[in-house]
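The structure appears right after this line, and notes come after that.
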2 protein chains.
Amino acid sequence: MQFQQLAYFLAVAETRHFTRAAELSRVAQPSLSKQIRALEEDLGAPLFRRARGNITLTPAGEALLPLAQRILTDLETARREVQELAGMRRGRVRLGATPSLCAGLLADALAGFHGRFPGIELQVEESGSRDLIRALGKGELDLALIILPLQSSDPAFVTTPILRENLVVVSAAGAPSPAVDGASMRITELRDRPLVMFRRGYDVREATLHACRAAGFEPHLAVEGGEMDAVLRFVEAGLGIAVVPSMVLKNRPGLQGVPLARPRLLRTIALAHRKDVDPSHTAKAFRRHLMTYLTHLTRDELGEDLEVIAPLTA
Amino acid sequence: MQFQQLAYFLAVAETRHFTRAAELSRVAQPSLSKQIRALEEDLGAPLFRRARGNITLTPAGEALLPLAQRILTDLETARREVQELAGMRRGRVRLGATPSLCAGLLADALAGFHGRFPGIELQVEESGSRDLIRALGKGELDLALIILPLQSSDPAFVTTPILRENLVVVSAAGAPSPAVDGASMRITELRDRPLVMFRRGYDVREATLHACRAAGFEPHLAVEGGEMDAVLRFVEAGLGIAVVPSMVLKNRPGLQGVPLARPRLLRTIALAHRKDVDPSHTAKAFRRHLMTYLTHLTRDELGEDLEVIAPLTA
DNA sequence: GCATGCCCATAGCCTACGGCTATGGTCACC
DNA sequence: GGTGACCATAGCCGTAGGCTATGGGCATGC
C-alpha cells in the first residue's frame, strides 16, 4: 500500500468519478485506475462499485475512508512538524542569478523547492555576476549563481562549479543559417557580421568581445545595450546575429542556434556564497535541492550544449 | 514519503543501529541507508545523528517518531478493518494439489497469500487428480490444482488451464547422462532402461506408461510404487532413471534432468472448482493471488520446462 | 603503530513499478 | 443505430528501490 494510492482513493471517493479524480490528482485516468485496482488487490476487496456514472463505495471502501483521511492528515502534520523543528517552516532564501539562468533552468528548480517547502520565501535578484558578487559581499544575498572566473578574485567567497555551457550563435529562425557549413561556426566568421550585443555588465558580452579580439578583429555591433530578452527579440526581428548562452533558446521557436566550432566558447556557472558566514538552513536546503535537481536532469532535458559538473563533495 | 521509509525509520529509532535495523526490516543495510537518506532529503532535515556506535535522534527525528508510529498503526488498522468487512479476516481455503505441485510452486504462493491474509486458514490436500476431483465433487475442497485432461469428463467442474509443464528424464547427478546426445532424449531411449515408477494414481505414471506403449514397447520397472519423494531418492541412489515433472528438480542438487525430445511429454495443470457452487470469497481471493503470482514469475524462476498459460479472463 | 574489525556510505547494476498514450468495450441517451 | 461518456486494457518508458561489492573512518588490541 502506498500514500499515493490512498490519495487517489480519496479523490475517487470525493468526486465519485474516476476521470475527474484523475484530473484532481493531476495524473492520467488509466494511471489512477491502475493504482485503485492495485489497492483493491492488495487489500483483497473491491472498494468501489463501478456503475455507469454512479461510482459508490463498498462497505470495505466505507471502512477505509476515515482511516485513509487520517493517515494522509498525519502525513501532512509530520511534514509540517519536522520542517518547523528544522527551521524550514518559515524562512527565506535570497538568491542571485544571471538573466540567462533565470530564464532557463531556474524556474523549474524554484518551483520544485517551493512545492517541498511552501513556507520558504524565495527572493530572486537578476543581475550580472559582478553585481551579484557585490550583493553577496554586502550580505544582501544568501547564494548566487555566477559565471566563472570571477574578476574580483576575492577569497571571501566559496564558488562551486555546477554547470558548463556552450555559447551559441543565434539568428532569426527564417533567415539562412549564418554558418558556412550549416552546422557550426568559427569565431572568425563573426567578422563583419552585424552583431546584436548586450549592455555592459553581461558576462557574455565580455566573453564575446574578448574572443573576437583574440581572433584579431573588432566585431561590428548593429545594436548594443539590450537586456537578454531585448537582444533575442532584436535577433528575431532580423537586426543581426548574437552570441548567447545555449539555454535561453529553450521555447524560442523564432530563433535558431548554431554552436561555435572548437575552440568553443564555454562558460562555467558556479554557485557562490560567502566564506565567512555559514549559509542558513534554508539556503543549504536550497543548495541541496538545486544540486539534486541538476544531477537528475536527463540528457534530453539538458541538450547538447549543457553539462552538469558533478559536485566534488557539495 | 513512503510507508516503507517510515518503517525503516522506526527500526533505526528502536535499534539505534543501521545494520541491525536492516536485519530487522529484512533488507540489505545499504538499501535501508538509502531510504533513510531519501526521507531526510524529502523532509529537508536530518533525522539521526550518526556517531560511532551511538545513533541518536535529532529534534526533527523526535518529532517524527510518534507520527510515524501512528501512521503505521493506522495502516495496519485499515488493512484489518477492510479485510474484516470483506470477510477475509477469518476464513478457510481448502486446496487440493498434486504432490509435484505441492513440492514445487505452491510453497511460495501459499506463503505470499498467508502474508496478506494471516487470518485465513489454509488446508492443503495432497493427492492424485482423480482423488482431488472426487473430493471437490463431495464439497471437501474449494479449489484443486489438477492435471488435464480429466478422465471423468464431468461437466460439473470448471477447469482453467494455468501451466504447461515438460516432463523430464531424471537421473543421479553423478551418473553419466542417460541422453545419447547429452542434451535431450527420445521416448524410445527409455526401452530396457531400469525405470523408477510412481505408485498407481499418479498422473505422471499413466502418462509415461502410455507414451512407452504408444512408442511400441513396455518399459522395464526397477522399482515401483513410491510417492514423489521416494521416487526421487531412489533415483538419487542410482536405482534407475525416472520421468518426472520438471519443477520437482528445484533445489535437488543430487539429480540431473534431461528434457524429452519432440514430441515432448507435456502435462497441463489446471485450476478446478465446482460449477454449481460459487467459490467463497476466500477461495476467489486465493485464486486471484495464485494467478497474479504465476503471471509475475520471471522467466528465470520458471525455467525452460514450465510455461504459464495466460488466463483467458479468470 | 599498525592491523583488524565494525559499521555506515557510496557505486553500479537490475528489476519492477508507476507514469504515459492509444485503444477497446460497454452503457446511456439522442 | 449512431454518438459520446467513461472506465479498463495494452504496451512502452524511465526511475525508484532492491541487491552485491567496496570504500572509508573510527575504535580497539597486540
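Source: prediction; values computed, not measured. Throughout, protein chains are lettered first and strands after them, A, B, ... in sequence-line order, and every chain is numbered starting at 1.
Although no hydrogens or angles enter the test, the distance criterion places a donor-acceptor pair under 3.5 Å between the side chain of B:T58 and the main chain of B:P46. Side-chain N or O atoms of B:S31 include none that pairs as donor or acceptor with a backbone N or O of B:V27 at under 3.5 Å. A side-chain donor-acceptor contact under 3.5 Å links B:Q83 to the backbone of B:R116. Here the side chain of A:E165 pairs a donor or acceptor atom with the backbone of A:S246 at under 3.5 angstrom. Judged purely by atom type and a 3.5 angstrom limit, B:H273 has no side-chain atom pairing as donor or acceptor with the backbone of B:L143.
Here D:dA16 presents its C1' atom at 17 Å from CZ of B:F3, a figure rounded to the nearest Å. Atoms CD (B:E40) and C1' (C:dC8) sit 12 Å apart, rounded to a whole Å. We find that CG of A:L39 is positioned 15 Å from C1' of C:dC17, with the value rounded to whole Å. Residue A:E41 contributes atom CD, which lies 13 Å from atom P of C:dG18 at whole-angstrom precision. Straight-line distance from the CZ atom of B:F48 to the C1' atom of C:dC7: 15 Å, rounded to whole Å. Atom pair A:Q2:CD and C:dA16:P shows a separation of 16 Å (rounding to whole Å applied). Summarising the geometry, the separation between CD1 on A:I55 and C1' on C:dC27 is reported as 13 Å, rounded to the nearest angstrom. Note: CD1 (A:I36) to C1' (D:dT9) measures 17 Å, nearest angstrom.
Ring-plane geometry between A:H289 and A:F286 is classed as tilted, the angle between the planes lying from 30 to 60 degrees on a 0 to 90 degree scale.
A heavy atom closer than 4.0 Å to some atom of DNA chain D occurs in A:H17, these being the qualifying members of residues 9-17 of chain A.
Remark: B:S33 is in phosphate contact with C:dA9, judged by side-chain N or O atoms under 4.0 Å from OP1 or OP2. Look at A:Q35 and you'll find a side-chain N or O under 4.0 angstrom from OP1 or OP2 of C:dG19. Within the structure, every side-chain polar atom (N or O) of A:R50 is placed at least 4.0 Å from both OP1 and OP2 of D:dC6.
Residue B:Q4 places its side chain closer to D:dG18 than to any other of C:dC8, D:dG18, D:dC7. Checking C:dC7, C:dA9, D:dC7 against the side-chain heavy atoms of B:T19 singles out C:dC7 as nearest.
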Close N/O contacts between protein and nucleotides 19-22 of chain D (under 3.5 Å):
from: D:dC19; atom 1: OP2; to: B:A28; atom 2: N; distance (Å): 2.8
from: D:dC19; atom 1: OP2; to: B:S31; atom 2: OG; distance (Å): 2.6

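Comparing the local axis fitted to the first five base pairs of the helix from C:dG1-D:dC30 to C:dC30-D:dG1 with the one fitted to its last five gives a bend of 20°, rounded to 10°.
Under the 4.5 Å side-chain criterion, counting only non-hydrogen atoms from C-beta, A:Q69 is not in contact with A:L6. No side-chain heavy atom of A:L110 sits less than 4.5 Å from a side-chain heavy atom of A:H114.
Side chains of A:Q29 and A:T19: no donor on one and acceptor on the other come within 3.5 Å.
Evaluation of the side-chain hydrogen bond (donor to acceptor under 3.5 Å, both in side chains) rule for B:T56 yields B:R49 as partners, not counting sequence neighbours. With sequence neighbours left out, A:R164 forms a salt bridge (Lys or Arg N to Asp or Glu O under 4.0 Å) with A:E307.
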Going by atom type alone, with no hydrogens or angles, which donor-acceptor pairs under 3.5 Å involve a side-chain atom of residues 35-44 of chain A and a protein atom two or more places apart or on another chain?
from: A:Q35; atom 1: OE1; to: A:Q5; atom 2: NE2; distance (Å): 2.9
from: A:E40; atom 1: OE1; to: A:R50; atom 2: NH1; distance (Å): 3.3
from: A:E40; atom 1: OE1; to: A:R50; atom 2: NH2; distance (Å): 3.3
from: A:E40; atom 1: OE2; to: A:L47; atom 2: N; distance (Å): 2.8
from: A:E40; atom 1: OE2; to: A:F48; atom 2: N; distance (Å): 3.4
from: A:E40; atom 1: OE2; to: A:R50; atom 2: NH1; distance (Å): 2.9
from: A:D42; atom 1: OD1; to: B:R79; atom 2: NH2; distance (Å): 2.9
from: A:D42; atom 1: OD2; to: A:M1; atom 2: N; distance (Å): 3.3
from: A:D42; atom 1: OD2; to: B:R79; atom 2: NH2; distance (Å): 2.5

